[in-house]
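As the structure is a prediction and not an experimental result, all values here were calculated from the model. Naming convention: chains lettered A, B, ... in sequence-line order (proteins, then strands); numbering from 1 in each chain.
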Protein chains: 2
Amino acid sequence: MSEAVSQRDQQRERVITAAFELFAERGYEGTTVEAIADRAGVGRTTFFRMFRSKESVVFPAHDQLLAAIEARLTTARPGTEKVALSEASELVLEQYLHEGARARQRYALTREVEALRERERASIFQYERLFRRFIHQWWGGTPDTLLRAELAANAVVTAHNHVLRAWLRGDVGAEEARIWFRDVIAELDATLGWEPEPQTAKAAPDRSEAASTGMPNTGDGEGEPAVIVVRDAAQLERMLPTIRRMLR
Amino acid sequence: MSEAVSQRDQQRERVITAAFELFAERGYEGTTVEAIADRAGVGRTTFFRMFRSKESVVFPAHDQLLAAIEARLTTARPGTEKVALSEASELVLEQYLHEGARARQRYALTREVEALRERERASIFQYERLFRRFIHQWWGGTPDTLLRAELAANAVVTAHNHVLRAWLRGDVGAEEARIWFRDVIAELDATLGWEPEPQTAKAAPDRSEAASTGMPNTGDGEGEPAVIVVRDAAQLERMLPTIRRMLR
DNA sequence: ACCCGCGCGGTACGCAGTTCCATGATCACG
DNA sequence: CGTGATCATGGAACTGCGTACCGCGCGGGT
């Protein structure tokens with residue numbers, strides 16, 4: 001059984017290797033799927049059973065990585081969300097560092113083939129989506145925290161890609177990249193403010209404020225005016241998303 | 001001459017209309033390019049002369065919009081970068097609002113067709129790239145400002161898309177979207193800190209959430225709460241600039 | 001030895017996108 | 001007004017990706 005699995009993996013690896021060889025020799029667009037299958041000693045049909053498309057063979061570890069990220073994020077407990085997020089993003093970096101030369105060849109390919117660039121963006125977007133959902137749930141899953149969750153997830157992914165590209169270009173070594181990435185994440189952690197800033201972690205005081213005006217916050221009665229009481233401009237801005245939601 | 005140009009545009013518009021009609025009738029993947037060309041009364045070859053691909057016809061205004069953004073950004077002078085950036089991003093929003101129903105149909109299409117989602121991401125990435133380059137140059141174009149420029153550009157685009165999606169879903173009207181977007185940009189402006197180093201140290205002290213009793217108030221005396229009465233969400237959005245000014 | 005399941009390869013097909021060429025309209029010029 | 005050049009158009013043929021279908025052979029179980 002384990003032998004069978006191993007053989008499947010070996011076959012898969014042969015296809016990937018054949019593909020990267022041919023891409024290096026004739027370029028991506030100059031290589032047909034049939035040529036890859038021939039060199040790997042499999043049929044064209046089998047290629048498409050292993051990889052959804054010609055592009056997919058360039059990102060062979062994507063699905064597995066995505067699953068690993070999700071697994072790491074789901075182990076988070078209240079209070080450990082930040083470290084979970086940090087480590088999950090490090091998984092991506094580690095994956096690339098582990099792939100080594102192949103990651104760099106992929107970088108070369110993506111730089112010159114538009115279709116592969118698009119495909120890579122789609123991959124990145126999937127990581128980002130996991131992060132976004134995780135952060136959003138962490139912050140309560142309410143509509144008013146969604147934008148900030150999107151911004152935060154985006155910032156993490158952007159920072160990651162910044163460091164990753166430096167390594168892919170050879171500007172920094174693997175260990176430097178790891179350290180730099182931790183620094184960057186720490187910096188983001190400090191500058192983003194995460195929970196504190198404009199958002200409704202303090203839902204209770206918000207409600208009591210609304211109630212103190214005598215207007216039930218759940219009532220969306222038509223034509224009924226809403227009364228809002230704020231202390232200053234800053235509080236208004238903080239409460240705006242909530243106010244908008246309640247008025248909707 | 002102008003007549004010839006007009007005829008070309010009319011022909012192009014016929015093709016776009018035919019495409020959207022057929023996509024609505026048979027779905028995107030159920031529609032062949034030949035069918036689009038037939039309905040528009042042109043040859044298949046002509047279709048591919050007007051649009052690089054079947055996907056491109058779904059985003060017919062993209063190139064023009066990209067050029068408009070670049071044009072707006074290049075008019076920036078020292079000191080006017082922020083407003084240039086803000087207005088350039090508003091160009092994108094305005095483009096969608098202007099397209100109206102077609103933008104919403106595109107939204108429906110992109111939600112169900114993976115290829116179109118990828119394509120849209122590619123479009124967004126191009127806007128984001130313009131913003132990134134602009135911000136980076138603005139901040140000196142040195143390597144040490146690049147990451148922050150990437151983060152800033154990303155934040156602008158993410159915020160924009162957040163508001164845009166709300167309009168596309170019909171959650172807010174066009175005017176609300178405009179106002180909301182300006183608010184969001186203003187908020188980003190305040191929290192990102194832009195040029196200064198990575199910090200938001202401002203850390204507004206929001207302690208005394210305790211008792212904000214509804215005291216009617218006309219003056220802007222410090223510590224004194226303000227009472228706002230609005231009829232509905234739309235009125236709130238219309239009045240927001242005024243409210244902000246009074247609270248300042 | 002026989003049967004069953006299943007992965008594999010081969011074939012055929014649809015369709016996107018490209019290339020090449022013939023045709024017809026428009027325009028410049030004699 | 002006729003003639004030739006230019007250029008957009010449409011048609012035809014081709015490549016190659018991706019899918020559907022089918023038959024074969026290599027297991028493993030009884």
Colleague: What are the atom names and distances for every N/O pair under 3.5 Å that joins the protein to nucleotides 24-26 of chain D?
Modeller:
none

Colleague: Could you tell me how far apart Glu118(A) (CD) and dC17(D) (C1') are, to the nearest whole angstrom?
Modeller: 16 Å
Colleague: Using the test ring pair (Phe, Tyr, Trp, His ring centres under 6.0 Å), find all partners of Phe47(B) that sit at least two apart in sequence or belong to another chain.
Modeller: Phe51(B)
Colleague: Decide, yes or no, whether a salt bridge links Arg178(B) with Glu94(B) under the criterion of side-chain N to carboxylate O below 4.0 Å.
Modeller: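 Looking at Arg178(B) and Glu94(B), the cut-off is met.
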Colleague: Pairs in or reaching into residues 23-44 of chain B: which pass ring-ring contact (aromatic ring centres under 6.0 Å, His included), with residues at least two apart or in two chains?
Modeller: Phe23(B)-Tyr28(B)
Colleague: Under 3.5 Å, is there a donor-acceptor pair between the side chain of Glu81(B) and the main chain of Ala76(B)?
Modeller: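 Pair absent, no side-chain N/O of Glu81(B) close to backbone of Ala76(B).
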Colleague: Looking at Gln11(A), I'd like to know whether one of its side-chain N or O atoms comes within less than 4.0 Å of OP1 or OP2 on dC8(C).
Modeller: yes
Colleague: Report yes if the distance between the aromatic ring centroids of Trp180(B) and His162(B) is under 6.0 Å, otherwise no.
Modeller: yes
Colleague: Would you say Glu87(A)'s side chain and Ala84(A)'s backbone share a donor-acceptor pair under 3.5 angstrom?
Modeller: no
Colleague: Atom NZ of Lys54(A) and atom C1' of dG16(D): how far apart are they, to the nearest Å?
Modeller: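 Those two atoms, NZ and C1', are 8 Å apart.
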Colleague: Walk me through it: do Thr31(A) and Glu25(A) pass the test side-chain contact (heavy atoms from CB on, under 4.5 Å)?
Modeller: CA-CA 9 Å; Thr31(A) 303; Glu25(A) 292 169 16; over 6 Å; no
Colleague: Measure CD/Glu34(B) against P/dG17(C) and give the value in whole Å, please.
Modeller: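 Taking atom P of dG17(C) as the reference, CD of Glu34(B) is at 14 Å.
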Colleague: Starting at atom CD of Glu114(A), determine the distance to atom C1' of dG17(C), rounded to an integer number of angstrom.
Modeller: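 Spelled out: CD on Glu114(A) to C1' on dG17(C) is 16 Å.
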Colleague: Any ring-ring contact (aromatic ring centres under 6.0 Å, His included) pairs touching residues 91-131 of chain B, not counting sequence neighbours?
Modeller: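 Qualifying pairs: His62(B)-Tyr127(B).
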Colleague: Salt-bridge test for Glu21(A) and Arg39(A): reply yes if a basic N is under 4.0 Å from a carboxylate O, no otherwise.
Modeller: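 Looking at Arg39(A) together with Glu21(A), the answer is yes, because their closest N to O distance falls below 4.0 Å.
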Colleague: Scan residues 35-52 of chain B against DNA chain C and write down, sorted by residue number, each residue with any heavy atom closer than 4.0 Å; if none is found, say none.
Modeller: Arg44(B), Phe48(B)
Colleague: Got a sec? Which of residues 19-31 of chain A come in under 4.0 Å of DNA chain C, heavy atoms?
Modeller: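 Heavy-atom cutoff 4.0 Å gives no residues at all.
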Colleague: Taking NZ, NE, NH1 and NH2 as the nitrogens, is one of them in Arg104(B) or Glu99(B) under 4.0 Å from a carboxylate oxygen of the other?
Modeller: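 Answer for the salt bridge query: no.
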Colleague: In terms of side-chain heavy atoms, does Arg119(A) have a donor or acceptor partner in Ser56(A) at a distance below 3.5 Å?
Modeller: yes
